[in-house]
Student: 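Below is a structure I'd like to ask you about.
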Protein chains: 2
Amino acid sequence: MSEVQHSTREKILEAALRLFSQKGYLGATTKEIAAESGVAEVTLFRHFSSKEALLEDVLTSYTYLPALKEIIPSVSKLPYEEALVEIARGFLITLDLRQDFIKIIHSERHLYSEKLLKGYHSTINEIFVTLAAYLSDMQKSGTLREFDSFLAARAFFGMFFSYFTQSHLLMFKKYGPSETDHLIKEYVGFFVRGTIREGLTNND
Amino acid sequence: MSEVQHSTREKILEAALRLFSQKGYLGATTKEIAAESGVAEVTLFRHFSSKEALLEDVLTSYTYLPALKEIIPSVSKLPYEEALVEIARGFLITLDLRQDFIKIIHSERHLYSEKLLKGYHSTINEIFVTLAAYLSDMQKSGTLREFDSFLAARAFFGMFFSYFTQSHLLMFKKYGPSETDHLIKEYVGFFVRGTIREGLTNND
DNA sequence: GTAAAATGTTAGTAAGCACTTACAAACATA
DNA sequence: TATGTTTGTAAGTGCTTACTAACATTTTAC
């Protein structure tokens, strides 16, 4: 067990992340969060001026999905299908790691500020744009047919994000690792055939 | 404005649906719900034994997505691509109509009972199975290649559900009607080419 | 070892919450 | 008109909540 040394502040942030994602912002009490952190409630308020400030700090501390932008360059030399499999795999892993954060964002959409929402949006957008750029390149090189690359990226991540939502957030049919692998390959299969240039393409 | 005559009970249920979806179960107070319904708070408790009972009644009253099962048979004679466009359109319309319900389900996942969750799951499953059956038929008739039809159905709805989630629940880039039409056509385009039988299919 | 900084303990406050009681008013039905 | 049903008003109960104050204790830094 390689437990890292956590500061009081970090312990509180982690407990808050966990409890907010499990019970919602209003459902998790400051008393509970303090107990879960192993500190007194008053200590929580000495580190964070209010419960709302705590939420803000949680959301900015555990911010979302930087990893994916690095995956795409690193796989761009692979064959198309393999590259997509790696992208999908990386995407699902990242979602898994950040699931508490994502749960909060999806549950407490009415609470958090315009600023945070915009940050989340721009991150999503960045992800789409990054994949879209890769797809655009593949179109220019003649591998892929013509289509709206931004929408394609959105469709691609949409398939996987929906699977994640259903299995993690709504506890609907969740697969084991080998089945997830199967799912990835099938999904990528649809997308590859859906986007690749074929001999018999009839453009209108 | 063709306002229907609503019973007190119905007025409360509607207001509760609206407020629960906007502010969450804990965020919406019984006082507010009563005010929004135009009744006294005590009247709310004469119709519903508790706030929790009210939530249960809201969720069972505005239950989810029956429409889609009727769409698929009605379009099964259309060409493949047109059929999928109609299915996608119907799906998005239904999601739109039920968006308050869906918002609650996604926000309050920690609150509602095992029973309700199972009901929701079986509805989702039914939708997937219905489309999967249609796809299976198309495979047997030779129009489509071989693939896991359940996963294909899940991927198809996943693309659109993700778009719905992002635009309605997270207020990320939402398109107007004509742009949505464009999105549907592009998404369906990917899926059609991803699933159709091609002359030059190289199965391993 | 000593001062300072961080934490714990205990008690408390003010507000908001779901929910109740008692009684009066409005309304429909006969 | 009389009667039962539904609603409103008003007041209040008991509980929980976020948050604070005062003081004791522990941990850290030099």
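As the structure is a computational prediction, the values presented were derived from the model and not from experiment. Naming convention: chains lettered A, B, ... in sequence-line order (proteins, then strands); numbering from 1 in each chain.
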Student: Under the criterion ring pair (Phe, Tyr, Trp, His ring centres under 6.0 Å), which of Phe156(A), Phe160(A), Phe157(A) is the partner of Phe91(A)?
Tutor: Phe157(A)
Student: Counting only side-chain N and O atoms of His47(B), is one of them less than 4.0 Å from OP1 or OP2 of dT6(D)?
Tutor: no
Student: Write down the atom of Thr180(B), the atom of Tyr175(B), and the distance for their closest heavy-atom approach.
Tutor: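 Taking every non-hydrogen atom into account, OG1-O, 3.5 Å.
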Student: Nearest whole angstrom, please: distance from the C1' of dC17(C) to the CG of Leu44(B).
Tutor: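 After rounding, the reported distance stands at 14 Å.
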Student: Starting at atom CD of Glu32(B), determine the distance to atom P of dA18(C), rounded to an integer number of angstrom.
Tutor: 9 Å
Student: List the steps and the verdict of side chain to side chain contact (heavy atoms under 4.5 Å, CB included) for Thr195(B) and Met138(B).
Tutor: CA-CA 10 Å; Thr195(B) 51; Met138(B) 298 287 282; over 6 Å; no
Student: Using whole Å, report how far CG of Leu55(A) lies from P of dC19(D).
Tutor: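 From Leu55(A) CG to dC19(D) P: 12 Å.
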Student: Would you say Thr8(A) places a side-chain N or O within less than 4.0 Å of OP1 or OP2 belonging to dT7(C)?
Tutor: yes
Student: If you measure from the Lys or Arg side-chain nitrogens to the Asp or Glu carboxylate oxygens, is any gap between Glu14(B) and Lys11(B) under 4.0 Å?
Tutor: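 Looking at Glu14(B) and Lys11(B), the cut-off is not met.
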Student: Have a look at Gly38(B) and say if it touches a base, only the backbone sugar-phosphate, or nothing, with a 4.0 Å heavy-atom cut-off.
Tutor: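 Sugar-phosphate only.
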Student: Return yes when atom CD of Glu52(B) has more than 12 non-hydrogen atoms of other residues, nucleotides or ligands closer than 6.0 Å, and no otherwise.
Tutor: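 No, the 6.0 Å shell around CD holds no more than 12 heavy atoms from other groups.
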Student: Both Ala28(A) and Val42(A) contact DNA chain D. Taking the nearest nucleotide for each, which residue is further toward the 5' end?
Tutor: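 Its nearest nucleotide being more 5', the pick is Ala28(A).
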Student: Could you give the NZ-to-C1' distance, from Lys51(A) to dT16(D), as a whole number of Å?
Tutor: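 So the two atoms are 11 Å apart, to the nearest Å.
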Student: Measure from NZ on Lys31(B) to C1' on dA11(D) and round the result to the nearest Å.
Tutor: 13 Å
Student: Could you give the CD1-to-C1' distance, from Ile33(A) to dT16(D), as a whole number of Å?
Tutor: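 Going from CD1 in Ile33(A) over to C1' in dT16(D) covers 15 Å.
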Student: Between Ala40(A) and Arg46(B), who's closer to the 5' end of DNA chain C by nearest nucleotide?
Tutor: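 The residue mapped nearer the 5' terminus is Ala40(A).
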Student: Rounded to the nearest angstrom, tell me the gap between atom CD in Glu41(B) and atom P in dC17(C).
Tutor: 9 Å
Student: Using only side-chain N and O atoms of Thr43(A), determine if any of them is under 4.0 Å from OP1 or OP2 of dG8(C).
Tutor: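 So the side chain of Thr43(A) is within the cut-off, an N or O lying under 4.0 Å from OP1 or OP2 of dG8(C).
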Student: Figure out the NZ/P separation between Lys11(B) and dG8(D), and round it to whole Å.
Tutor: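 After rounding, the reported distance stands at 7 Å.
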